[in-house]
Protein chains: 2
Amino acid sequence: MNTPPSGAPRRATISDVAREAGTGKTSISRYLNGELSVLSPQLRARIEAAIERLDYQPNQMARGLKRGRNRLIGMLVADLTNPYSVEVLQGVEAACHALGYMPLICHAANEVDMERRFLQLLTTYRVEGVIVNALGVSEETLRPVGEGGIPAVLVDRSVDGLVTDMVGLDNQGATALATRHLVERGFDRLWFVVQPFEHISSRRQREAAFHQALEQYPQASGRTVVLELGDADELAQTLSALDAELDAAIAAHEDHARAGVALFAANGPVALALARHLNQRHGPDWQKRVALLSIDDPEWAELAGITTIRQPTYDIGYRAVEFLHQRIDGEQSSARDCLLPGELIERASTAR
Amino acid sequence: MNTPPSGAPRRATISDVAREAGTGKTSISRYLNGELSVLSPQLRARIEAAIERLDYQPNQMARGLKRGRNRLIGMLVADLTNPYSVEVLQGVEAACHALGYMPLICHAANEVDMERRFLQLLTTYRVEGVIVNALGVSEETLRPVGEGGIPAVLVDRSVDGLVTDMVGLDNQGATALATRHLVERGFDRLWFVVQPFEHISSRRQREAAFHQALEQYPQASGRTVVLELGDADELAQTLSALDAELDAAIAAHEDHARAGVALFAANGPVALALARHLNQRHGPDWQKRVALLSIDDPEWAELAGITTIRQPTYDIGYRAVEFLHQRIDGEQSSARDCLLPGELIERASTAR
DNA sequence: CTGTTAGCGCATTCAT
DNA sequence: ATGAATGCGCTAACAG
């Protein structure tokens with residue numbers, strides 16, 4: 001029923017090599033595992049030759065089956081088109097390299113079902129741990145990890161049913177920082193724009209922190225707008241409703257250039273969508289009408305002169321692996337949260 | 001020496017389930033493989049219960065060891081920070097989904113050594129095939145794939161010692177299209193800017209095609225500039241040398257705004273580096289001084305109003321998997337090249 | 001120093 | 001309809 005792939009020829013096994021070298025499998029195994037000191041030079045030479053001749057490559061499946069570990073960790077990413085994810089990944093990779101792991105990347109592409117399948121894949125392949133940038137649905141999906149399953153560390157967001165280490169941005173602090181910056185610059189009509197919350201804790205937290213921060217500034221008002229980036233129609237509709245709100249706010253103000261209207265994007269993708277829309281509608285001068293600030297500092301933000309809160313993405317990834325490493329080594333302490341601070345990068349989009 | 005990870009508790013095996021269900025391993029195996037018709041309802045129920053109770057998950061390592069195939073394919077990416085790669089990846093994922101494969105992503109992060117290690121990893125884990133966006137060094141590194149090894153398909157660039165299927169952009173056509181566009185718009189002093197060629201065939205091809213295309217336009221002249229994006233010092237130095245050249249060219253022309261100076265970026269990352277630099281040096285009005293066109297059409301290009309050649313990235317990824325699938329199925333025909341056309345997206349940066 | 005043996009967890013004959 | 005036995009490729013005792 002399930003025939004082997006016919007594309008590649010059969011590979012040599014350890015037995016083939018042993019026969020070719022005229023010795024036993026054990027010696028080959030020893031050679032492979034670097035126990036060279038225990039091998040006579042001539043045997044060693046014969047083994048080397050045999051391996052070369054047969055182009056032998058040990059089957060990791062079999063090795064992994066035998067010894068318990070494989071030094072593999074999985075990195076499950078919700079959305080690779082978000083530069084944030086790639087930046088975190090770089091921290092993950094650096095830490096893996098330092099600690100001797102190989103990171104396997106799995107991309108859920110915003111599909112809950114993919115998330116489930118990859119998590120399943122990773123656990124059944126017995127990777128030693130996973131770093132999860134989750135879409136969020138707990139239950140069924142995340143059962144194989146956490147308490148009973150393989151060690152897991154969450155990145156950027158937590159998941160309801162799951163108690164594990166998590167590392168991400170200090171959303172509370174970052175949002176307060178950004179809000180204060182806007183108000184101090186004289187923007188008092190604020191719109192917080194965010195993708196649908198779904199199960200993504202960081203989005204909720206940022207939105208909540210935004211309104212909470214605003215309470216300290218009675219002169220300012222804030223509204224939340226939910227932007228569905230994936231659906232072009234709905235996106236256009238929401239944006240045009242937003243346009244109307246902004247137009248009204250600006251028109252109501254005697255000095256249009258100082259109407260004090262600002263958009264606060266909850267993350268990079270939202271900021272990009274807003275900037276593209278405004279640019280399309282008002283041309284390059286859109287920045288004179290409305291201020292824009294974003295959490296996340298993608299590369300284009302500097303080019304476009306957008307003020308941002310830069311996340312310590314590299315550190316987030318690096319710390320996540322460190323945590324995971326400790327868990328793999330048997331660390332039993334209760335789940336930890338590591339909240340790293342964001343940094344305000346002031347640019348033209350919030351100057352007056 | 002190599003002790004199993006202590007982080008996760010020992011997982012149940014098929015024997016555990018068999019004992020728990022009071023039956024033999026064979027029946028469990030049958031159940032797992034969907035041979036339900038051969039099991040009495042009551043046995044089936046007991047097995048289901050046992051699996052549930054033990055939270056049993058079959059070990060894919062062991063399964064893969066037995067049967068030859070695992071429906072896994074590897075996608076080795078040279079640089080995930082390049083949106084091009086992520087876009088191709090999306091095509092790859094769609095095709096994998098359609099054909100029943102799971103794509104495992106490995107990120108070489110521009111490190112030749114990582115490329116080697118991941119290729120090794122993928123082959124020794126016996127994935128059924130790999131899609132390689134290579135850094136290029138053949139020899140040692142790529143021996144495990146291609147003729148003797150597992151099936152492989154190259155993306156975007158070919159590799160000297162390796163004869164396999166490859167799918168990418170029609171660099172010749174795309175570059176000619178772009179060059180013609182620039183010349184027709186009246187730009188006659190062209191700078192082709194590209195990252196160090198190293199072993200990357202597409203960079204060489206684009207550069208060669210650029211100069212070749214220029215031969216048809218005697219009124220235009222072109223120079224090549226090599227930009228090392230990874231080294232900040234060298235980058236700054238090259239850019240300032242380029243500045244001098246551009247300044248001279250513009251100064252020599254009576255009407256500065258019509259000096260006909262254009263930059264042709266060989267890919268998206270180069271374009272971003274150029275735009276950021278020019279923006280920093282001349283402010284938002286830099287586009288009035290010099291035109292910019294780029295191969296690759298990253299999301300920010302629309303926002304910045306950059307004319308681009310958009311690659312059919314999704315199709316590239318999709319086709320690559322289709323090719324690979326055929327090879328895995330035993331297709332023996334000689335290596336094929338699939339060159340897809342680029343599309344010119346005109347924007348403000350090349351208007352006059 | 002080197003080879004023999006016994007599993008790792010599972011799929012698969014082959015009996016029953 | 002069900003189970004016992006064999007082996008996938010490799011490592012790790014255990015002898016010699």
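These figures come from a predicted structure and were not determined experimentally. The basis for the numbers below is simple: all heavy atoms, side chains too, and nothing from hydrogens, waters or symmetry mates. Residue numbers begin at 1 in each chain, while the letters A, B, ... track the order of the sequences.
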Check: E128(B) and I150(B) side chains under 4.5 Å, non-hydrogen atoms: no

Whole-Å distance separating the CD atom of E35(B) from the C1' atom of dC10(C): 13 Å

Short side-chain N/O contact to dA12(D) OP1/OP2 from T26(A), under 4.0 Å: no

Spacing of L32(B) atom CG relative to dT12(C) atom P, expressed in whole Å: 12 Å

Rounded distance (Å) that lies between atom C1' of dC8(C) and atom CZ of R67(A): 13 Å

CA sep, side-chain torsions, deciding dist, call: F118(B), H107(B), ring-ring contact (aromatic ring centres under 6.0 Å, His included): CA-CA 8 Å; F118(B) 275 121; H107(B) 183 203; 8.4 Å; no

Interatomic distance where NZ belongs to K66(A) and P belongs to dG7(C) [whole Å]: 9 Å

Spacing of K25(B) atom NZ relative to dA5(D) atom P, expressed in whole Å: 11 Å

Phosphate-side-chain proximity, N33(B) and dA11(C), N/O vs OP1/OP2 below 4.0 Å: yes

5′-ward residue of the pair S37(B)/Q57(A) relative to DNA chain D: S37(B)

Basic-acidic side-chain contact under 4.0 Å: R11(B), D16(B): no

Heavy-atom donor-acceptor pair, S29(A) side chain to K25(A) backbone, under 3.5 Å: no

Most 5' of I14(A) and G24(B) on DNA chain D, judged by nearest nucleotide: G24(B)

Atom pair CD/CZ of Q60(A) and R71(A) - distance to nearest 0.5 Å: 13.0 Å

R46(A) CZ to dG3(C) P, straight-line distance once rounded to whole Å: 7 Å

Integer-rounded Å distance: dG9(C) P and L65(A) CG: 7 Å

Could you list, one pair per line, each protein nitrogen or oxygen that sits under 3.5 Å from a nitrogen or oxygen of nucleotides 14-16 of chain C, together with the distance?
none

Phosphate contact (dC8(D) OP1 or OP2) by T13(A) side-chain N/O below 4.0 Å: no

Sugar-phosphate only, base, or nothing, as touched by S29(B) at under 4.0 Å among non-hydrogen atoms: base

Test log, rule side-chain contact (heavy atoms from CB on, under 4.5 Å), inputs I73(A) and C96(A): CA-CA 8 Å; I73(A) 76 171; C96(A) 281; 3.4 Å; yes

Presence of Y56(B) side-chain N/O under 4.0 Å of dC10(C) phosphate oxygens OP1/OP2: yes

Length of the CG-C1' vector between D16(A) and dC10(D), whole Å: 13 Å

Side chain proximity check, T123(A) to Q57(B), heavy atoms < 4.5 angstrom: yes

Sugar-phosphate only, base, or nothing, as touched by I28(B) at under 4.0 Å among non-hydrogen atoms: nothing

Phosphate OP1/OP2 of dC10(C) contacted by R63(B) side-chain N/O (<4.0 Å): no

